[in-house]
Amino acid sequence: MLQVQFIREHKEEVIKKLRVRDIDATSMIEEVISLDEERRSLQTELDATLAESNKLSKEIGVCFKNGEVEKANELKAKTGALKETSKTLNEKLNEKAEELTELLYKIPNVPHPSVPEGKSDEDNEEIFKEGDVPTLAEGALPHWELSKKYDIIDFDLGAKITGAGFPVYKGKGARLQRALIAYFLDKNTEAGYEEYQVPHMINEASGYGTGQLPDKEGQMYHVGMDDLYLIPTAEVPVTNFFRDEIIKESDFPICCTAYTPCFRREAGSYGAHVRGLNRLHQFDKVEIVRVEHPEKSYEALDGMVEHIKNILRELKLPYRILRLCGGDLTFTSALTYDFEVYSTAQERWLEISSVSNFETYQANRLKLRYKDENGKNVLAHTLNGSSLALPRVIAGILENYQTPKGIKIPEVLVSYTGFDMIS
RNA sequence: GGAGAAAUGGCAGAGUGGUCGAAUGCGGCAGUCUUGAAAACUGUUGAGGGUCACACCUCCGGGGGUUCGAAUCCCUCUUUCUCCGCCA
């Protein structure tokens with residue numbers, strides 16, 4: 001969430017920048033400021049009452065020590081009223097503070113100046129494109145046909161044991177999946193990201209920390225009996241490592257990578273574009289997460305983009321990079337680049353990675369700070385990106401690498417798969 | 001799942017109703033000494049709110065209660081440890 005102090009000091013700027021998201025936040029911002037004022041004045045009043053009450057309590061203690069019981073009882077009588085006052089004030093204060101927090105949760109991150117205005121994905125800005133779109137032989141198939149033809153992914157079997165959107169990978173399909181995970185993790189660790197294996201369920205506090213809660217709980221699977229959520233991305237457990245932490249400035253940059261399955265309810269998304277691997281309830285992803293010094297975070301973001309470019313180059317997949325427009329930007333992000341692979345058989349772009357800088361938006365909720373050279377605690381910047389999401393990479397490989405004889409395996413993967421052709 | 005013990009500052013660890021935001025040690029930072037470093041010595045060193053700055057307020061795992069007053073007493077939740085049971 002945004003910092004109240006920042007809103008207070010940059011009111012017009014915040015409103016103006018949120019307009020890039022096609023949001024008129026004027027009334028919300030005004031309310032934040034007035035709630036904060038109320039909160040502070042209640043706090044001051046409460047503090048004064050408590051100070052008075054503390055003072056009396058100390059005097060009573062002294063009286064008892066000196067045996068002045070009568071005087072002590074006189075003073076005691078006075079404290080009663082103060083206690084009532086402070087109780088009422090405290091209740092009001094909590095109410096206001098809660099109202100304020102709830103409102104802050106509803107205000108999305110302020111976009112970076114480079115974010116183009118726009119309402120939907122149509123307004124995203126293509127900033128880079130690379131790789132040759134292959135010319136496929138007559139009768140090229142989309143991946144869902146290919147996976148049936150070569151018997152490597154079984155959607156029906158998954159539907160039988162769990163439901164739609166939970167595919168079963170088999171044989172060379174399973175092996176390809178495992179190869180990609182290992183390959184991605186290797187690339188990430190080579191680039192300096194430390195590898196982690198993390199829980200696939202998170203508690204409520206972690207959900208709030210990275211912003212899945214309170215808004216998007218409908219998108220997560222909830223394990224009611226134990227009140228845990230299945231992770232929608234490794235970003236959640238990994239970023240929450242740093243919840244309530246004050247790190248040393250010399251710890252920067254912190255670079256983590258983790259492979260996890262991701263669980264998403266994807267409530268309300270159905271249709272032609274969700275066929276096959278295009279949109280799943282469970283999928284695998286290798287994620288990279290960074291915690292950065294505020295002055296270095298955009299440099300880091302560029303570094304992440306370059307890193308992912310390199311992977312796609314090695315895989316020899318045609319891809320492009322989009323700078324998301326305000327309307328398509330996720331709630332918590334200040335700047336996001338999406339990577340899309342071109343699926344020749346489907347004749348459309350498939351999102352395979354999303355790389356974002358959240359600046360202090362997550363850090364403020366997480367209370368993730370570092371001590372600067374003056375000993376002051378300052379919010380850090382958090383970033384993350386997929387490196388990469390498996391299903392659509394697989395879709396891209398199957399569709400772009402198909403030949404009449406079978407599906408070729410990208411060269412860099414052969415040492416991981418142990419075969420160079422699915423036929 | 002059952003029985004018991006515990007949770008205090010970066011770490012270790014005192015503190016069982018008032019003078020405790022908290023002894024002491026270690027670590028960190030600054031300084032003295034030194035050519036430099038180490039050692040020794042001196043000082044400093046939790047977080048949040050609030051203020052121009054002070055004052056002041058809150059926080060001893062979380063929440064609630066008792067009391068004029070709670071790190072300290074009570075309730076509750078969570079976590080950790082030990083023992084038993086179950087189990088990949």
Side-chain angles (χ1 to χ4, degrees), chain A residues 1-9 32-101 103-104 197-209 213-214 222-229 237 240-252 254 261 291 360 363-380:
Chain A
M1 62 181 161
L2 296 176
Q3 297 167 84
V4 179
Q5 202 189 336
F6 183 83
I7 294 178
R8 222 193 295 156
E9 287 164 11
V32 165
I33 290 170
S34 86
L35 276 171
D36 181 55
E37 263 163 31
E38 286 178 70
R39 198 212 89 228
R40 277 185 297 159
S41 98
L42 282 166
Q43 180 82 62
T44 310
E45 212 179 322
L46 174 64
D47 286 357
T49 314
L50 288 173
E52 178 69 17
S53 167
N54 287 343
K55 209 177 108 202
L56 283 174
S57 287
K58 273 184 191 156
E59 280 175 35
I60 291 169
V62 173
C63 290
F64 275 125
K65 200 163 263 179
N66 299 338
E68 303 168 288
V69 180
E70 261 178 54
K71 194 177 166 198
N73 284 332
E74 268 171 47
L75 291 171
K76 261 199 206 181
K78 280 200 210 165
T79 61
L82 287 173
K83 214 178 166 185
E84 276 307 306
T85 314
S86 65
K87 201 176 163 187
T88 320
L89 283 171
N90 199 22
E91 275 165 16
K92 276 194 210 162
L93 177 66
N94 288 339
E95 226 171 84
K96 286 293 167 201
E98 206 172 301
E99 233 176 287
L100 179 60
T101 312
L103 183 58
L104 284 170
Q197 288 198 4
V198 298
H200 299 164
M201 292 196 229
I202 48 124
N203 57 28
E204 201 177 45
S206 296
Y208 276 96
L213 296 175
H222 183 229
V223 183
M225 200 177 281
D226 296 294
D227 200 16
L228 296 170
Y229 296 86
N240 272 282
F241 289 170
F242 307 100
R243 170 154 47 86
D244 291 320
E245 295 292 332
I246 300 172
I247 61 175
K248 283 186 253 149
E249 199 167 358
S250 59
D251 290 340
F252 290 127
I254 298 174
V291 181
T360 59
N364 191 33
R365 277 199 193 188
L366 291 162
K367 297 204 184 72
L368 162 53
R369 294 154 295 170
Y370 70 95
K371 219 169 253 304
D372 72 5
E373 65 269 25
N374 304 317
K376 255 194 106 182
N377 294 325
V378 183
L379 291 175

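Values reported hereafter were calculated over all heavy atoms of this structure, with side chains retained and with hydrogens, waters and symmetry mates removed.
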*Are A:Val378 and A:Arg369 close enough, and set up right, to give a side chain to side chain contact (heavy atoms under 4.5 Å, CB included), and what steps lead you there?*
CA-CA 5 Å; A:Val378 183; A:Arg369 294 154 295 170; 5.9 Å; no

_In whole Å, I'd like the distance from the CG atom of A:Asp251 to the C1' atom of B:G10._
12 Å

*For RNA chain B, what residues of residues 77-97 of chain A have any heavy atom nearer than 4.0 Å?*
A:Thr79, A:Lys83

_Rounded interatomic separation in angstrom, taking CG from A:Leu42 and P from B:U58_ = 16 Å

*Which whole number of Å gives the distance between the P atom of B:A23 and that of B:U79?*
31 Å

_By nearest heavy atom, map A:Leu56 and A:Gly61 onto RNA chain B; which one lands nearer the 5' end?_
A:Gly61

*Say you pick atom C1' in B:C75 and the same atom in B:C87; how far apart are they, in whole Å?*
34 Å

*A:Val4 and A:Val32: which non-hydrogen atoms are nearest, and at how many Å?*
CG1-CG1, 4.4 Å

*Looking only at atom C1', what distance separates B:G49 and B:C26, rounded to whole Å?*
31 Å

*CG of A:Leu228 versus P of B:U79: gap in Å, rounded?*
10 Å

*P atom, B:U67 versus B:C81: distance in rounded Å?*
38 Å

*asked:* Applying the Watson-Crick and G-U wobble criteria at under 3.5 Å, what pairs with B:C20? Answer none if nothing qualifies.
replied: none

_Sugar-phosphate only, base, or nothing, as touched by A:Leu75 at under 4.0 Å among non-hydrogen atoms_ = nothing

*Rounded interatomic separation in angstrom, taking CG from A:Asp226 and P from B:C77*: 16 Å

*asked:* Protein within reach of the bases, or only the backbone? For nucleotides 46-51 of chain B, mark each nucleotide 5' to 3' as B, S or -, using heavy atoms under 4.0 Å.
replied: -SSBSS

*Whole-Å gap separating P (B:G18) and NZ (A:Lys76)*: 15 Å

*Shortest non-hydrogen contact between A:Pro199 and A:Pro237, atoms and distance*: O-CG, 3.9 Å

*Distance test, side-chain N/O of A:Asn54 to OP1/OP2 of B:C57, below 4.0 Å*: yes

*P gap between B:C57 and B:U24, integer Å*: 24 Å

*B:U8 and B:A14, which share atom name P, separated by this distance in whole Å*: 11 Å

Extract from the structure each pairing of a protein N or O with an N or O of nucleotides 59-61 of chain B at less than 3.5 Å, listing the distance.
none

*Looking only at atom P, what distance separates B:U58 and B:C77, rounded to whole Å?*
28 Å

*Would you mind pulling out the nucleotide paired to B:G50, Watson-Crick or G-U wobble, both distances under 3.5 Å?*
none

*Using the C1' atom as the reference point in each nucleotide, state the distance between B:C54 and B:G9 in Å, no decimals.*
25 Å

